[in-house]
Structure formats: structure tokens, C-alpha cells
Amino acid sequence: MTSSFPASTVLGYPRIGPDRELKRALEAYWEGRADRRDLESTARSLREDTWRRLAGLGLDGLPSNTFSYYDQVLDTAVLLGAVPERYRQADDLATYFAMARGADGLAPLRMTKWFDTNYHYIVPEIGPETVFSLDAAKPLAEVREARALGLETRPVVVGPVTFLLLAQASPDSPDGFAPLDRLDDVVEVYARLLADLAAEGVGWVQLDEPALVADRTPAELAAAGTAYRRLGRLEHRPALLVASYFGDLGDALPVLAGTPVEAVALDLVRGTGHGIEALAGKTVVAGVVSGRDVWRTDTDRALATLLAVRERAGRVAVGTSCSLLHVPYDVERETGLDPSLRERLAFAEQKVAEVAGLTRLLAAASGPHLPGSHLPGESVVQGRPPAYGRRTGQGRAPYPVRAAAQAEHLKLPLLPVTTIGSFPQTGALRGARAALAAGEIGEAAYESVVRTEIERVIALQERLGLDVLVHGEPERNDMVQYFAEHLDGFAVTRHGWVQSYGSRCTRPPILHGDVGRSEPITVRWARFAQSLTSKPVKGMLTGPVTIVAWSFVRDDLPLREVVLQVADAVREEVADLEEAGIRVIQVDEPALRELVPLRRAEQDTYLEWAVAAYRWATSGASERTQIHTHLCYSDADQILAAIDALDADVTSIESARSRGRVLGVVGGFSRGLGPGVYDIHSPRVPGVDEVEGLLTEALRAVPAERLWVNPDCGLKTRSYEQVEAALANVAEAAARLRARHA
Ligand code: GLN
Ligand code: ZN
């Protein structure tokens, strides 16, 4: 009954639209400027364009159900009926968006990063009370839609093990409950889904199990084995492809090998293919074209890998290492890029063409023992020895010495109030930037808009009585792109949008060469801002790890070497800011946690070099210059020791939404700390009493001499109205507490 797996495929595809059509349609719908029919019709044409395009590029196996109005994990929750009662609304779409974005008075479900990518998924909530029930409307509709175009597809669904491992326990779950405890119940819903898809005539289904490439306990691995044996034994089902990506399956590989699933997808860009022989008898979808970077695939190397897979496992299909969701659509549109760079690049379309091309080459390569076949783990090419030893700069003076020097130099009050850097990006500002890019206004006119904005931000902070001011970052479109535009070794794209979450996209810069700083980047605006006030203005820099994490990075050097090149540039910028009279410098590292390897065995090494790079970037500062850092997440406990090791004088961290978690772990923190007291992700303005309460709570964990008062993150997505009211309340709460402590 089982048909063989197509010769070529991709595990998924971007869905936001080549011109972010879905973003616009979603936002119009949310704002009531468009109705459901408009949204649905945009979505349908995006899906149809994608399938036609993939087929046109010569791909055999087309995925479906990879479209999403918001997020594929949320889609899976809906598919399984795992919708917490409080979100239920009059219609299904309202319910869906209530979970994703909140509804009046109702906070949305938590959102967090998808493995080590910059994509964010919605965290499902599962408890012992969750009633699962199948709602297969979406995958079935997509199968039919494609069929109407004459195309057969393979529905893609997040697999049961990954779904539950990514879920959080619902608020009323008893202690000790874990969502994975519900695996048997969930697997029954998947069984019904598979039956429905089989009845629809679907030949193959892809179940994504990236959670299996991280360290898993023996119990979790056993659960995965049980789940796939159960699904495999079903009488009426399509053939199953279990897709792993972002690394090696490790111990999970023999587990899957021991189940009746017909195919397994392996990431052979990040992974090594170790143990692949165990998959003999199944089809291996060999992910040799990277879904995580923008470089052209090395054909010889990919072919050698494909031949090795064929030799050891038997049946092989050519695929991408993961979904192409993480790369932009089409490099051909980037006409502004240097042609010599452009020809090294491949975006989603080019990658699909590479998959198709490799498939033809593989078919033509006869004989199982072609010379040169080898798995990535057996690569004969040795990496260059790292040269990062030279930047082991001595640390700064011990904190108590610095703290005394800074107290003298800055003369800050107890519980100093500050912000994280950006202020609202107004329509006028965005308009001016667009006009500059379109050549409608000149540099001078643009700069005068920026100057006016800085004056307004400084005046506002003075009026509110804040203590360490910021210039508001009006000249920056994005905290990484801005630096990429001013550093050598980077290129930026015009259309290279990648979905970050929901309708939000970023345009990651491309780090393609040696990084260098030919002139100061932030000094001019910092100096201007400082000239407007006698209070200290914080210089604002993005840290080396974050700049690299949010870019597409060259793959011919070890990552740490690239990060250290960026650290050199940041270090020079710190020196120039100091020289210009800036007394407080913040170096943001919100992506520090994102790059933590999925496997524990690799984590310490990463944290060691990441911390070393940060310290190299900041340790040139004199002891009286106050170094701040900022991290955007509340679950800092995972890497608290590393954050502490950054040795910043002040660390601000998100915590308005999850107090207990942050305050419970920062006790050991020995320097300045600003747990956020204003949730900037919400339009809500916190009251004075509320902020005072949060600060009082914080004072139980952090002594007053080291506590800072600040929002969770930058203010750029809020309106001035909200920001002004919120910061006034924050300042008022700090003043009350200060009076009490005096
Ligand atoms: N300084 C940046 C801002 O305020 C920090 C943003 C971030 O942490 N993501 O916008
Ligand atoms: Zn932040």
C-alpha cells in the first residue's frame, strides 16, 4: 500500500509572503480594516503560489499544512483540541488569535524561542484536565486545496513528543505533572488524524520531532518509542516520515529505527549522520541543503554525503536540513548586493533548486562505491585552528573598586531609574527613514528628524525625573541591522525578511567577510544627547553575540572567531564613547541564551567563549565607566552563572510577567540588578502601587544599594502616550520607596 517516498523534498517553506503579504493581511484583520474573507483569500493565494513554485522548481515531494496564521505549534494545539477554556471565543479564528495575542483582559499564552532559532512559538498549556479532540480541518483543507491545483502533498504536523515536550503544565496542574504524562491520550488523537488523512487518500505525513535532537531522558526516549510503535501499528494510516532537525538524533536514532515508521529525516548540515546504518530499510530524507543559513550548498560535499547515506541506509531522498522557514524567499531580488556576494548566496527558492539539482546528480551517480562518499561526521576537511587566544584581556578592577569609583563619578540616587534604550518609533520617524531610503529626502533632512526626536526623548526623561537617560535610538531601524550597516564585512538585504513570530519579521544582515570598524558608529548621537543634559546619558551598543546570533554568518570560520571579530569592533566603540565623555555604556546581549547549544555536552564551551567575547568587548572601559547589560528573558536561571560572569556593573532583565522566577534566582547576583517592573509587551500602563509592589518584592532579593528601576525591555513598540504614563508611575513608585529608605 505504501508508495515510496518522493526523490526530493523540503521540510517546510516560508509563509509570510515574498512581500510580507500575510503580515499586512493579518494586521489589517486585527485592526478591523479587513474581514475574514480578505485574510483567507490572501492566505490561500500564498499557499497556492508556494506549491506552484515548488513544483515548478522541480521538487517531487511537496509539503502542506506548513502555512500558519501565526504559529505551527499553536496550530497543533488547535488540531488536538488543546485550547484552554479561558480563550474560547465566538468563532475559531478569534479563539486562535486570543491564544496568540490575548484578548481584552486576557493575557496571551507564553511565547518562546523555537530551539536555537530566532523564531518564536506559542507555548501550549496542557494539564491533567485537558480534553483532547481532533480538529483536522486545517490539514485536510490544505490537502484539498493543493489537489485542486493538481498537486499531491504531504501534510506536516508537529509530532506528539515534541508537542508535549514544548508545552507547559497548565496553571492548576498538580506538582510533579508534566505534559508528557498525557502522551498516550495525545497519540490517540494523532491516530485519528492519520486515519482521516488516509481516508482522504494522503500517501505520506510528516511528523516533526526536533525535540529529539536535544538531550532526552531514558524515560522520554522510551515514550517516543512507544508513541511511534503505536502509530506505526495502525491499520489505516499514510506512510510516516519523522523529521528531526537542528542536530543529531543521538540516542533517539536507534529508538526511531526500532519503530515501524517508513522514513526519517536527518539534519546532515549540523548533524553527523552518526549511527545511520540503523535506519537501513527505511527511507532517509537526507538534509544536505541548509535551512539555517544563506550560503550556496557545496555540491561535491552534499553529493558525497548523499552517496554515503545511500551506501549505508539504502533508500535516500534529498532534502533540506530543516524547514526553509528560517531563510528569506529569493536572492534574485537582491539587486543591490555586490554580484560577487550574491552568487555565493541561496535563499529558499535557490535552495529548492539545489535540492532538485542534487537529486538529478544522485540519480545519475551509479555504483554504490563512488570514491569520496562520506558523512559530515567523517569530513576530511579539518577546520582552521582557532586564533582567538590573543583576546584574553585582563578583567577590569574588582567590582567593589568599580562601584566606589562609579558612585563618585555618577552621583546617582538610591534606586536609580533608567530605561533599556529605545523610545517609541513614531510614524514620522519611520516615514522619514522610508523617504530617505527612497531618495525622497536627503541625509540632512533625515538627521534633523532624528535630532528633534532625541531632544524630545531627553526632555521627556528630564521631566519625568529619570536618573540615567538614553537617547532613544531613533536613528536605528533595528539593534543589529544598524551596526551591520556601519561595520565592514556585513551586507544588508532589501527583501530578506524572515518570520520572527506572528506577523513580525526581521531582515537578518549577512556577515560574509572579516568584520572591522572603520569609524565610530554611535558616538555622534550619544555626544549630541549628552550635550542636552547634565544627567548621564547611556551609550547604547549591541553585544557581539547578539549581532552574530541575529545575522546569517559565514560558515568558513568557527563561530567564536567571528564573534571575537565583532567584539573587537564593540571594544573600539566603547573606547570612543568613553573618550567622548559618555559615563554609562550599555552593551545588550539579549541573544546570549539563544545560541546555547541544544546538547548539554557543548554548552559550557559555548558559554565560556561567549562570555569571554563580551568581556573582551567591555573590559577596556575604565573603572569609573559604568557598564550595563540587558537580557530580554525571565528564565535566566538556565544561564545565570554566565550572566554573572559577564561582569557588567548593572544587569537589567525581563521580569514583570514572571517575578517569582527571576527574583528566586538572582540572590547570588553580586552587582547592580534591574528586574523589569513594566511589561512593555502589553499596551497596559502599570499603576504606581503595582510598581511599588514589584519593587518591594525585588528588595527582598536585592539590597537597595544595588537595585535598579527599569522596564522589561526597550520601548520602541509602544506609543508615547503609554510610555509617558507608565514611566511617570515607575518614577513615582521609585520616589516613594526612596523616601522610605532615606
Ligand atoms: N536597547 C535595545 C532597545 O531598547 C534593547 C532591545 C532588546 O533587548 N531586544 O530597544
Ligand atoms: Zn530586551
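The basis for the numbers below is simple: all heavy atoms, side chains too, and nothing from hydrogens, waters or symmetry mates. Order of appearance sets the numbers: ligands from 1, and atoms from 1 within every ligand.
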Chemist: For ligand 1, which atoms, with element, lie under 4.0 Å from some heavy atom of G421?
Modeler: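 Those qualifying, in numeric order: 4 (O).
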Chemist: By number and element, which atoms of ligand 1 are closer than 4.0 Å to a non-hydrogen atom of G714?
Modeler: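 It comes down to these atoms of ligand 1: 3 (C), 4 (O), 10 (O).
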Chemist: Would you call the rings of W114 and Y121 parallel, tilted or perpendicular if under 30° counts as parallel and over 60° as perpendicular?
Modeler: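 The arrangement is perpendicular - the two ring planes meet at more than 60°.
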Chemist: Which protein non-hydrogen atom lies closest to atom 5 (C) of ligand 1, naming both residue and atom, and how far is it?
Modeler: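 Here the closest protein heavy atom is D588 OD2, 3.3 Å.
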Chemist: I'd like to check whether E473 has a polar contact with ligand 1, where a contact means an N/O of the residue lying under 3.5 Å from an N/O of the ligand.
Modeler: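 Between E473 and ligand 1, an N or O pair is found under 3.5 Å apart.
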Chemist: About how large, to 10 degrees, is the angle SG of C713, then the Zn ion (ligand 2), then SG of C632?
Modeler: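 My answer is 120°, to the nearest 10°.
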Chemist: Does R718 count as lying over the ring of Y678, i.e. NZ or CZ under 6.0 Å from the six-ring centre, within 45 degrees of the axis?
Modeler: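 Geometry flag: not set, cation outside 6.0 Å or 45°.
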Chemist: Mark up the atoms of ligand 1 that fall under 4.0 Å of a heavy atom belonging to I420, in ascending order.
Modeler: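 Answer for ligand 1: 1 (N), 4 (O).
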Chemist: Would you check whether M540 reaches within less than 4.0 Å of ligand 1, judged by its heavy atoms?
Modeler: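 It does, in that a heavy atom of M540 comes within the 4.0 Å cut-off of ligand 1.
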Chemist: Could you list the residues that satisfy side chain to side chain donor-acceptor pair (under 3.5 Å) with K535, not counting sequence neighbours?
Modeler: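 Scan of K535 (side chain to side chain donor-acceptor pair (under 3.5 Å), adjacent residues dropped) gives none.
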Chemist: May I ask you to check whether E561 and Q565 show a side-chain donor-acceptor distance below 3.5 Å?
Modeler: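 No donor-acceptor contact under 3.5 Å links the two side chains.
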Chemist: Compare P590, C632, P711, S422 and give the one whose heavy atom is closest to atom 10 (O) of ligand 1.
Modeler: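 Looking at heavy atoms only, the winner is S422.
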Chemist: What do you reckon, does Q586 have a nitrogen or oxygen under 3.5 Å from a nitrogen or oxygen of ligand 1?
Modeler: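 No: no nitrogen or oxygen of Q586 is under 3.5 Å from one in ligand 1.
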Chemist: Look at K23 together with E27 and state whether they make a salt bridge at an N to O cut-off of under 4.0 Å.
Modeler: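 Yes, charged N to carboxylate O under 4.0 Å.
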Chemist: Y482: what forms a side chain to side chain donor-acceptor pair (under 3.5 Å) with it, not counting sequence neighbours?
Modeler: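 Partners of Y482 under the side chain to side chain donor-acceptor pair (under 3.5 Å) test: none.
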Chemist: Who's the nearest protein heavy-atom neighbour of atom 6 (C) of ligand 1, and how far?
Modeler: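 Scanning the protein heavy atoms, the shortest distance from atom 6 (C) of ligand 1 goes to M479 SD, 3.4 Å.
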Chemist: Provide the atom name of the closest N, O or S atom of H630 relative to the Zn ion (ligand 2).
Modeler: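 Nearest to the Zn ion (ligand 2) within H630's N, O and S set: NE2.
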Chemist: Tell me the closest heavy-atom pair linking H471 and V537, and the distance in Å.
Modeler: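 Shortest heavy-atom contact: N-CG1, 4.3 Å.
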Chemist: Q603 side chain to P597 main-chain N or O, any donor-acceptor pair under 3.5 Å?
Modeler: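 Looks like yes, one N/O pair under 3.5 Å.
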